[in-house]
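This report concerns only the one structure given below.
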Amino acid sequence: MSSATKILLLFFIVGPILSSAKTPHVIHFRSPNLYPESLTYDPSAQHFIVGSLHHRTVSSVSDAGVTETIISDLSLRPSTSILGLAVDKLNNRLLAVIHSFDSLHPFNGLAAYDLRSRQRLFLSLLPSTPSDEDGRSPIANDVAFDFKGNAYVTNSEGNFIWKVNPEGEASIFSTSPVFTQFPVDRDSPLSSFGLNGIAYVSKGYLLVVQTNTGKLFKVDADDGTARNVLLSEDLPEADGIAIRGDGVVLVVSNKKLWFLKSDDSWGEGVVYDKIDLDGERFPTSVVVGREDRAYVLYGCVVEGLSGKGGRELFDIEEVRSEKESEDEKIWVYVLIGIGLAIFFIWRFQMKQLIRNMDKKAN
């Protein structure tokens, strides 16, 4: 066998594995004064979707960083921010959390938009509760949905969850005392003292993170009862959450991305890897894109909230588990070894065949 043939054989054996070990995907995109806090992924259109602190718009971002405004809802108040986002594939709609940071005209709502026509289906006002802690006004933050079309919205300034049914009717869904059983650091520089990231698990429950305490809660999607998930470590300043197809839970803060797994449907969980992120660019959201890859959004929202403004370049970056990458490298070496073993066995058999043919010819 020629050297070229040997190389070709090894390429076909290990090529697919090596391709997955290439440099993580980084997307730079431009949109003046956008300051996106939220990120989701539309698998049908194969693009990312981001909101905005300063504009009443929702934008798509391609793998190459091409940005397009897909929704511009000028009927919303000028002070409106579009925070949490979720693509409901089953009902072909986009869910968007609406919040106004204007203290004189506070507003919390959930909007649903048809992904084809891009028209608004409903805008639901999220009710307040008279027991808001310390007089803090609610801030609707993140959204998840179930297979029945119900949406669940977190309140990052209080410890309750809203529910919006498929017709757009909103109510306060869960006020579990578990949310307030852990001490909150009121001197913390964090602006969030309530619940932030939320994700729906197909088995009929929600996973919710609490920023100030770093706790993860499991919430029943039917009755709103909740329990604390016993983790191997807390998740300080946790913000966004996403779930991979293999059940691994991803939690992002402005400093880290944690990789979590559980063997008992999230009664307990283990942090098996954590990756440092660029805190200066303030990552706030994590999403699962193509091939179950994890992406975080660098939207520089602290700069946007400070009123400085003017930025137009933002980033979406793939983040990989170093421990999982090490496992992949081991498999590469194993497959190379298998490939070489197959090659040498084949070479030995070919030599034997040639010898036998020579003997018969003589």
Side-chain angles (χ1 to χ4, degrees), residues 84 86 90 133 141-156 158-163 171-185 190 192-253 255-275 285-288 292-294 296 319-324 327:
L90 187 62
E133 301 166 35
N141 184 275
D142 199 12
V143 60
F145 59 90
D146 62 24
F147 294 129
K148 299 177 184 177
N150 299 303
Y152 305 87
V153 181
T154 55
N155 172 18
S156 64
N159 290 294
F160 64 84
I161 300 171
W162 289 283
K163 180 177 181 178
S171 61
I172 294 176
F173 170 63
S174 178
T175 56
S176 172
V178 174
F179 299 149
T180 56
Q181 77 177 49
F182 299 99
V184 172
D185 181 8
L190 294 173
S192 174
F193 294 92
L195 305 174
N196 265 359
I198 186 169
Y200 178 77
V201 182
S202 59
K203 294 182 180 180
Y205 55 88
L206 303 151
L207 292 177
V208 187
V209 294
Q210 191 173 51
T211 298
N212 192 279
T213 65
K215 300 298 182 181
L216 177 69
F217 301 109
K218 177 181 177 180
V219 183
D220 190 293
D222 290 325
D223 59 18
T225 56
R227 60 167 294 175
N228 175 48
V229 178
L230 300 176
L231 296 177
S232 56
E233 61 181 271
D234 287 337
L235 313 172
E237 303 179 22
D239 193 345
I241 185 171
I243 303 177
R244 288 195 326 205
D246 59 2
V248 169
V249 168
L250 311 167
V251 177
V252 70
S253 75
K255 297 177 182 177
K256 292 185 183 294
L257 178 67
W258 291 276
F259 293 76
L260 295 80
K261 57 185 177 182
S262 173
D263 295 326
D264 65 351
S265 297
W266 296 102
E268 299 180 4
V270 175
V271 175
Y272 71 88
D273 203 0
K274 48 189 174 183
I275 306 298
S285 188
V286 60
V287 73
V288 176
D292 248 7
R293 295 191 287 182
V296 298
V319 180
R320 296 181 179 178
S321 164
E322 293 179 355
K323 291 186 178 180
E324 290 177 348
D327 292 340

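Along the sequence shown, the residues carry numbers beginning at 1.
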So CZ of Phe145 and CG of Asn150: to nearest 0.5 Å the spacing works out to 11.5 Å
For a quick test of reading the model, state the closest non-hydrogen atom pair linking Ala242 to Val288 and the distance between them.
CB-CG2, 4.2 Å
Tell me if a side-chain donor or acceptor on Lys323 pairs with a main-chain N or O of Tyr272 at a distance below 3.5 Å.
yes
Scanning both residues in full, the closest heavy-atom pair of Asn228 with Val178 reads N-CG1, 3.8 Å
State which residues pass ring pair (Phe, Tyr, Trp, His ring centres under 6.0 Å) with Phe147; sequence neighbours excluded, sorted by chain then number.
Tyr200
Say you draw a straight line from OG1 of Thr154 to CH2 of Trp162; how long is it, rounded to the nearest 0.5 Å?
8.0 Å
Here the gap from Asp239 atom CG to Ser156 atom OG, rounded to the nearest 0.5 Å, amounts to 8.5 Å
Tell me every residue that passes salt bridge (charged side-chain N to carboxylate O under 4.0 Å, His left out) with Lys256, counting only those two or more places apart in sequence or in another chain.
Asp276
If I take atom CG from residue Asn196 and atom OG1 from residue Thr211, how far apart are they, to the nearest 0.5 angstrom?
3.5 Å
Please report the closest heavy-atom contact between Gly269 and Val229, naming both atoms and the distance.
N-CG1, 4.0 Å
Salt bridge (charged side-chain N to carboxylate O under 4.0 Å, His left out) with Lys215: which residues, sequence neighbours excluded?
Asp234
Can you name the closest pair of heavy atoms from Val209 and Ala238 and give their distance?
CB-CB, 3.9 Å
Residue list, side-chain hydrogen bond (donor to acceptor under 3.5 Å, both in side chains) with Glu233, at least two apart or on another chain
Lys274
Taking ring pair (Phe, Tyr, Trp, His ring centres under 6.0 Å) as the test, write out the residues that go with Phe179, two or more places apart.
Phe217
Test side-chain hydrogen bond (donor to acceptor under 3.5 Å, both in side chains) applied to Arg244 - qualifying residues, sequence neighbours left out
Asp246, Glu324
What distance do Tyr152 atom OH and Ser174 atom OG have between them, rounded to the nearest 0.5 Å?
10.5 Å
Could you tell me if the side chain of Leu206 sits less than 4.5 Å from the side chain of Lys218, heavy atoms only?
no
Any luck finding a side-chain donor-acceptor pair between Thr225 and Asp220 under 3.5 Å?
no
Nearest atoms (heavy-atom pairs only) where Pro236 meets Ser253:
O-CB, 3.7 Å
Report yes if some heavy atom in the side chain of Asn141 is under 4.5 Å from a heavy atom in the side chain of Leu195; otherwise report no.
no
Ring pair (Phe, Tyr, Trp, His ring centres under 6.0 Å) involving Tyr205 - partner list, sequence neighbours excluded
none
Give me the atom names and distance for the closest heavy-atom approach of Ile275 to Glu322.
CD1-CG, 3.7 Å
I want to check something: taking the side chain as every heavy atom from C-beta on, are Val252 and Val319 in contact at a cut-off of under 4.5 Å?
no
For Ser171, the side chain to side chain contact (heavy atoms under 4.5 Å, CB included) test, sequence neighbours excluded, returns Lys163
If you round to the nearest 0.5 Å, how far is CG of Asn155 from CG of Asp142?
12.0 Å
Please name all residues satisfying salt bridge (charged side-chain N to carboxylate O under 4.0 Å, His left out) with Lys255, sequence neighbours left out, ordered by chain then number.
Glu237
Identify, with sequence neighbours excluded, every residue that meets side chain to side chain contact (heavy atoms under 4.5 Å, CB included) alongside Asp263.
none
What residues form a ring pair (Phe, Tyr, Trp, His ring centres under 6.0 Å) with Trp258, not counting sequence neighbours?
none
Checking Asp264 now: which residues fulfil side-chain hydrogen bond (donor to acceptor under 3.5 Å, both in side chains) with it, not counting sequence neighbours?
Ser262
